Amino acid sequence: MLPREEASRELAREVLGRIAACAAEGRRCVLGLATGATPRALYAELVRGARGLDLGQVVTVNLDEYLGLAPDDPRSFRSEMRAVLHGPLGIPPERAWFPPSDGEGAALAERCAEFEARLAELGGIDLQVLGIGRNGHLAFNEPGAPLDGRTREVLLHEVTRADAAAAFGGLERVPRRAVTLGLGTILEARALRVMAFGASKREVVARALAGPLDTAVPASALRLHGDCRLWLDASCAPHP
Ligand code: GLP
């Protein structure tokens, strides 16, 4: 249990250490990234701490993106990440991957399968940063998502859309569809690093950690991973 700032600093130290080790060995460093409010302090720490580090081996892979927005729409996750991390770190778009977010139907499904193939060729994700949605989602794997799911188009849950309403200026403007890495894809990352802060997450965190391992709470799938660390603050941690 740690306050958000301290947890973010601790995780930033681990991520920066990995980046430095990869640079020293000339190895690629594949970082899986999440959006939302939770990892913002982590990204600020990374921007502060990366000064002077060689980021040439870093490839980032974001978890998800809304469908139906222009790539330069300020509400897209791509824009958000450019503003808070990729821009300040100088990571070019070809090393800042996102799942495909245009097209539809079979063409989109094909692009998702290609994305998975490229990710496998890259060697998979070394360290995946994750938050947890208020309804227990991981990325946009909403309640009911299959544990072995791959990158695909999904329909957003009403809780997820409600949580995004302020950013979009009203619920009716929030996209209904998105593309997400699947739980199967996420669980293949070599390390999972999860943060959840605030009382609004307490109930779902308790269910994810101590309830049944159940697709109704996608975050319960974290328990299937052999190298998963979770940071909670005092208001989010289940009572002892
Ligand atoms: C988002 C993302 C998730 C994120 C979650 C929690 O919409 N798709 O990857 O973890 O919702 O967001 P927040 O950190 O703002 O609570």
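Computed over heavy atoms, backbone and side chain alike; hydrogens, waters and symmetry mates excluded. Computed from a prediction, not measured in an experiment: that's the story for all the values here.
- Among all heavy-atom pairs drawn from G136 and P218, the shortest one is O-CD, 3.3 Å.
- Distance check: N62 CG to T35 OG1 gives 6.5 Å after rounding to the nearest 0.5 Å.
- Taking 4.0 Å as the cut-off between side-chain N and carboxylate O, E158 and R161 count as a salt-bridged pair.
- Using a 4.0 Å cut-off between charged nitrogen and carboxylate oxygen, R150 and E188 count as a salt-bridge pair.
- Inter-residue side-chain proximity for L187 and L192 is flagged as met; some heavy-atom pair is nearer than 4.5 Å.
- Residue V205 is grouped with residue L222 when hydrophobic side chains (ILVMFWY) are merged at heavy-atom distances under 4.5 angstrom, including chains of intermediate members.
- Ion pairing of E45 with R48 is present here, as a side-chain N (NZ or NE/NH1/NH2) and a carboxylate O approach within less than 4.0 Å.
- Between F140 and Y66, the ring-plane angle classifies as tilted under the 30° and 60° cut-offs.
- A pairwise comparison of heavy atoms in A210 and R223 identifies N-NH1, 4.1 Å as the closest pair.
- In this structure, H137 and H157 have side chains that are not in contact, with every pair of non-hydrogen atoms separated by 4.5 Å or more.
- Residues L122 and I186 share a single hydrophobic cluster, defined by chaining ILVMFWY side chains whose heavy atoms lie under 4.5 Å apart.
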TODO: Mind running side-chain contact (heavy atoms from CB on, under 4.5 Å) on R176 and L156 for me, showing each step along the way?
DONE: CA-CA 5 Å; R176 293 183 182 278; L156 296 177; 5.9 Å; no

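- A donor-acceptor pair is defined here as one N or O able to donate and one able to accept, closer than 3.5 Å; such a pair exists between the side chain of E65 and the backbone of F77.
- Considering only heavy atoms from C-beta on, L55 stays 4.5 Å or farther from Q57 through its side chain.
- Within 6.0 Å of CD on E6 lie more than 12 heavy atoms contributed by other residues, nucleotides or ligands.
- Taking the charged nitrogens against the carboxylate oxygens, D233 and R4 have no contact shorter than 4.0 Å, which rules out a salt bridge.
- If you take CZ on R202 and OG on S235, they are separated by 7.0 Å, rounding to the nearest 0.5 Å.
- Y43 and I125 are assigned to two separate hydrophobic clusters, defined by single-linkage of ILVMFWY side chains at heavy-atom distances under 4.5 Å.
- When every heavy atom of F98 is checked against every heavy atom of D64, the shortest pair comes out as CD2-O, 4.2 Å.
- No donor-acceptor distance shorter than 3.5 angstrom exists from the side chain of T151 to the backbone of E116, with no hydrogens or angles considered.
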Task: Derivation of the salt bridge (Lys or Arg N to Asp or Glu O under 4.0 Å) call for E10 and R229 - done: CA-CA 12 Å; E10 200 172 283; R229 289 184 69 196; 3.3 Å; yes

- [ ] Go through the steps for N135 and V204 under the test side-chain contact (heavy atoms from CB on, under 4.5 Å), then give the verdict.
- [x] CA-CA 7 Å; N135 62 355; V204 81; 5.9 Å; no

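- With a 6.0 Å radius and a threshold of 12 heavy atoms from other residues, nucleotides or ligands, R173 has its CZ atom at or below the threshold.
- P93 is listed as a side-chain neighbour of R82, based on a closest heavy-atom distance under 4.5 Å.
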TODO: Determine, step by step, whether L130 and L63 satisfy the side-chain contact (heavy atoms from CB on, under 4.5 Å) criterion, reporting the C-alpha distance in whole Å, the side-chain angles of both residues, the deciding distance to 0.1 Å, and the verdict.
DONE: CA-CA 9 Å; L130 288 161; L63 285 169; 3.6 Å; yes

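- I91 places a side-chain heavy atom less than 4.5 Å from the side chain of V58.
- In this structure, E153 CD and E104 CD are separated by 7.5 Å, a value rounded to the nearest 0.5 Å.
- When all heavy atoms are compared, the tightest approach of A165 to V174 is CA-CG2, 3.6 Å.
- Residues E80 and R40 are paired through a salt bridge, judged by an N-O separation under 4.0 Å between the basic side chain and the carboxylate.
- Taking CG from L31 and CG from L33, the interatomic distance works out to 6.0 Å, rounded to the nearest 0.5 Å.
- Of all the heavy atoms in P143 and A216, the pair that sits closest is CB-O, 3.4 Å.
- Ion pairing between a basic and an acidic side chain is recognised when a charged N comes within 4.0 Å of a carboxylate O; D163 and R134 show such pairing.
- How far CG of L2 is from CH2 of W231: 9.0 Å, rounded to the nearest 0.5 Å.
- Counting only heavy atoms from C-beta outward, the side chains of F197 and L232 never approach each other to under 4.5 Å.
- By the criterion of side-chain heavy atoms lying less than 4.5 angstrom apart, applied directly or through intervening Ile, Leu, Val, Met, Phe, Trp or Tyr residues, L230 is not grouped with M195; the two fall into different hydrophobic clusters.
- Within the 4.5 Å cutoff, side-chain heavy atoms of V194 are placed close to those of C228.
- Looking at every heavy atom in both residues, P39 comes nearest to A34 through CG-O, 3.6 Å.
- Taking SG of C29 as the reference point, atom CG of L127 lies at 8.0 Å (rounded to 0.5 Å).
- More than 12 heavy-atom neighbours from other residues, nucleotides or ligands sit within 6.0 angstrom of CD on E14.
- Looking only at side-chain heavy atoms (C-beta outward), N141 and V154 stay at 4.5 Å or farther from each other.
- Placement of L213 and I132 within a single hydrophobic cluster is found when ILVMFWY residues are connected by side-chain heavy-atom separations under 4.5 Å, directly or transitively.
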